[in-house]
Every structure is written in C-alpha cells, then in structure tokens.
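Down below is the structure, laid out as structure tokens.
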Amino acid sequence: MKTKTEIKNEAKNVVKKNFKNILVGLIPVSLAYLLMSLKLGLLSTVAEIIWCLILYGILLICLNAVNNDNCLTENPLKDSFMIFSKKYFWPTIKLVFMSDVLILAWSLLLIVPGIIKSFAYSQAFFIMKEHIDNGEKVTARQCITESKRLMDGQKGKFFVLVLSFMGWIILSSLVIGFVSSLMTISNIFIIVLYVAVLFFMVLLLYIYYSKALFYRELVDNKNN
C-alpha cells in the first residue's frame, strides 16, 4: 500500500496538471460557499445545503478520475452537479443521514468513540458509488458495514492522512475569516473573498482526491 506521502504527491500532481479545468469546475461550489459566508439568512442556508451536496459530487469526480488512470473529467463544471441525479441523490441522502446518526450516537457516549466510528464509516460513500455504478442495489447499512470491514486495521493510517491536511485547513479558514471581516470596510473585498474561497475549494479537492486514492489502495490491497 502506498504511503501517505506517495498518495498526497499523486493527488497534488493531478491537481497541478488539471488546474485550469479544476478552477472552472469549482465555480458553483465556490459561489455557494461565498453566499453561505455572507450570512444572508435563508439564501445562505440554501447555499449551505447546495454546497454540502456539491462536495459529495466532487468526491464522485475524484473517484471516477482515480478509476480512470487519474484522468479528471473534461467537463468538471457539469459533472460537479452529478450528485443531484436520481442515480446518486437519494442513496447519498440516506447514507449521510444514517452515518451521521450513528456517529452522533457514539459521540454522545464519548467523543473518542465518535471519532473512531467516523473513520470506520469514512469509505461508505465510495463503496456506495461503486455498487451503484456496477448496477447493484445496496443499502446505506450495507455500505457502512463494508466500510467498517475495509477500514479494519487501517484507521490509524487514515487518521494520519487526514491530520496532515489540518494545517492548511486552519490557515485557509483564518484567511477566509479575515477577508470576511474586511467586508465591513468595503464591499470591494468580496472579490478577494471569492478568490480565497476558490483556492480553499482547490484545497478541498486535493484532500478529497487523496481520500479517493486511499480508498483505491484499500480495495486493491484487500483484493491482492
């Protein structure tokens, strides 16, 4: 199985190679995050829901690329909305709801068990996608169960991978928060805020691609 560094380097190279297409593809999710950040009442609430859903669409794009020799889609703008298709929408809603309820239940006992379970369930979405793409019917519970089996003995490696991104996530959040505060001075800073948000989305895609590569390594390692 590839190391954390090898996975991150591979993901980084894919992002660099497809940077222009990625920027175009991330326009919808970046605009949704921008509207969410501006705190515009109901509009921001709707934008937050759309943002969360499109993020799952980006996960779909990442796994498709990983399964296609790291070739990202030529039309990322269109494909970022694939999560809203009948094929993926309701299975995703059911899976997210069930996994969140289970993680919350474990977290009510103690925080640590909740974190451990979140890692155990972390591959369920990728598993769901592959079952659907293969024309197989699958329930949310089956995906979660398969994810737990796949992550058996691998949660520590996944934790280290996720932890390695925390510095960039914190820095990006601080920058976006600082630029957002400048909006009280002048609305011209909305352009700067959008650029900051766009590059934060690039960071998220880099993270998601690394997670997709990690999943592929788990599956390949299990099959060998």
Side-chain angles (χ1 to χ4, degrees), residues 8 11-65 72-90 92-93 95-97 99-100 103 118 122 125-126 129 161-212:
K8 292 179 68 176
K12 191 183 301 180
N13 289 334
V14 172
V15 172
K16 287 181 179 178
K17 182 180 178 181
N18 300 275
F19 192 69
K20 290 183 179 179
N21 278 344
I22 286 172
L23 288 182
V24 173
L26 290 176
I27 289 175
V29 70
S30 299
L31 288 175
Y33 189 91
L34 182 63
L35 290 173
M36 182 179 73
S37 302
L38 293 177
K39 299 178 181 179
L40 301 173
L42 180 60
L43 181 60
S44 291
T45 301
V46 173
E48 183 175 3
I49 295 171
I50 293 173
W51 177 70
C52 290
L53 287 170
I54 295 179
L55 286 182
Y56 282 103
I58 293 174
L59 278 173
L60 294 176
I61 291 174
C62 289
L63 187 57
N64 280 342
L72 277 174
T73 173
E74 294 182 357
N75 195 349
L77 187 60
K78 176 184 177 182
D79 289 352
S80 63
F81 289 97
M82 74 170 74
I83 193 65
F84 295 100
S85 66
K86 183 179 179 181
K87 181 179 179 180
Y88 296 115
F89 185 78
W90 287 115
T92 298
I93 296 298
L95 177 59
V96 172
F97 177 76
S99 59
D100 283 355
I103 291 170
S118 70
S122 62
F125 182 74
F126 292 133
K129 179 196 180 314
L161 177 64
V162 172
L163 188 64
S164 68
F165 294 110
M166 290 308 298
W168 284 109
I169 292 175
I170 292 171
L171 178 61
S172 298
S173 299
L174 289 174
V175 170
I176 290 174
F178 174 70
V179 177
S180 296
S181 67
L182 296 177
M183 291 288 293
T184 58
I185 301 174
S186 173
N187 288 335
I188 193 66
F189 285 106
I190 193 171
I191 299 174
V192 181
L193 178 59
Y194 176 75
V195 173
V197 167
L198 182 58
F199 278 90
F200 177 56
M201 293 304 117
V202 173
L203 172 63
L204 286 184
L205 185 140
Y206 167 46
I207 295 171
Y208 287 179
Y209 204 93
S210 298
K211 289 182 177 180

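Computed over heavy atoms, backbone and side chain alike; hydrogens, waters and symmetry mates excluded.
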| task | Report the residues that fulfil side chain to side chain donor-acceptor pair (under 3.5 Å) with Lys12, sequence neighbours left out, ordered by chain and then residue number. | result | none

| said: Quick check with a 6.0 Å cut-off and a 45 degree axis cone: is Lys129 positioned over the face of Tyr56's six-membered ring? | reply: no

Do you know the tightest heavy-atom contact between [X] and [Y]?
X	Y	result
Ser30	Leu198	OG-CD1, 3.3 Å
Lys8	Phe165	CE-CE2, 3.7 Å
Tyr88	Thr92	O-OG1, 2.7 Å

| said: Under the criterion side chain to side chain contact (heavy atoms under 4.5 Å, CB included), I'd like the reasoning laid out for Asn64 against Asp79: C-alpha separation, chi angles, the key distance, then a yes or no. | reply: CA-CA 11 Å; Asn64 280 342; Asp79 289 352; over 6 Å; no

Which distance, rounded to the nearest 0.5 Å, do you find between the [atom1] of [X] and the [atom2] of [Y]?
X	Y	atom1	atom2	value
Glu48	Leu53	CD	CG	11.0 Å
Tyr209	Leu59	OH	CG	12.5 Å
Ile49	Cys52	CD1	SG	8.0 Å
Lys211	Leu63	NZ	CG	13.5 Å
Tyr194	Leu34	OH	CG	8.0 Å

Minimum side-chain heavy-atom gap [X]-[Y] below 4.5 Å:
X	Y	answer
Ser80	Leu26	no
Ile22	Met201	no
Ser172	Phe199	no
Leu35	Trp51	no
Ile83	Leu55	no
Ile58	Leu204	no

| Results of ring pair (Phe, Tyr, Trp, His ring centres under 6.0 Å) for Phe200 - residues two or more places apart only | Tyr33

| query | Parallel under 30°, tilted from 30 to 60°, perpendicular over 60°: which one fits the rings of Phe84 and Phe89? | reply | parallel

| Is Lys17 atom NZ crowded by more than 12 heavy atoms from other residues, nucleotides or ligands, each under 6.0 Å away? | no

| task | Begin from the C-alpha positions of Leu60 and Phe125 and carry the test side chain to side chain contact (heavy atoms under 4.5 Å, CB included) through to its verdict. | result | CA-CA 9 Å; Leu60 294 176; Phe125 182 74; 3.6 Å; yes

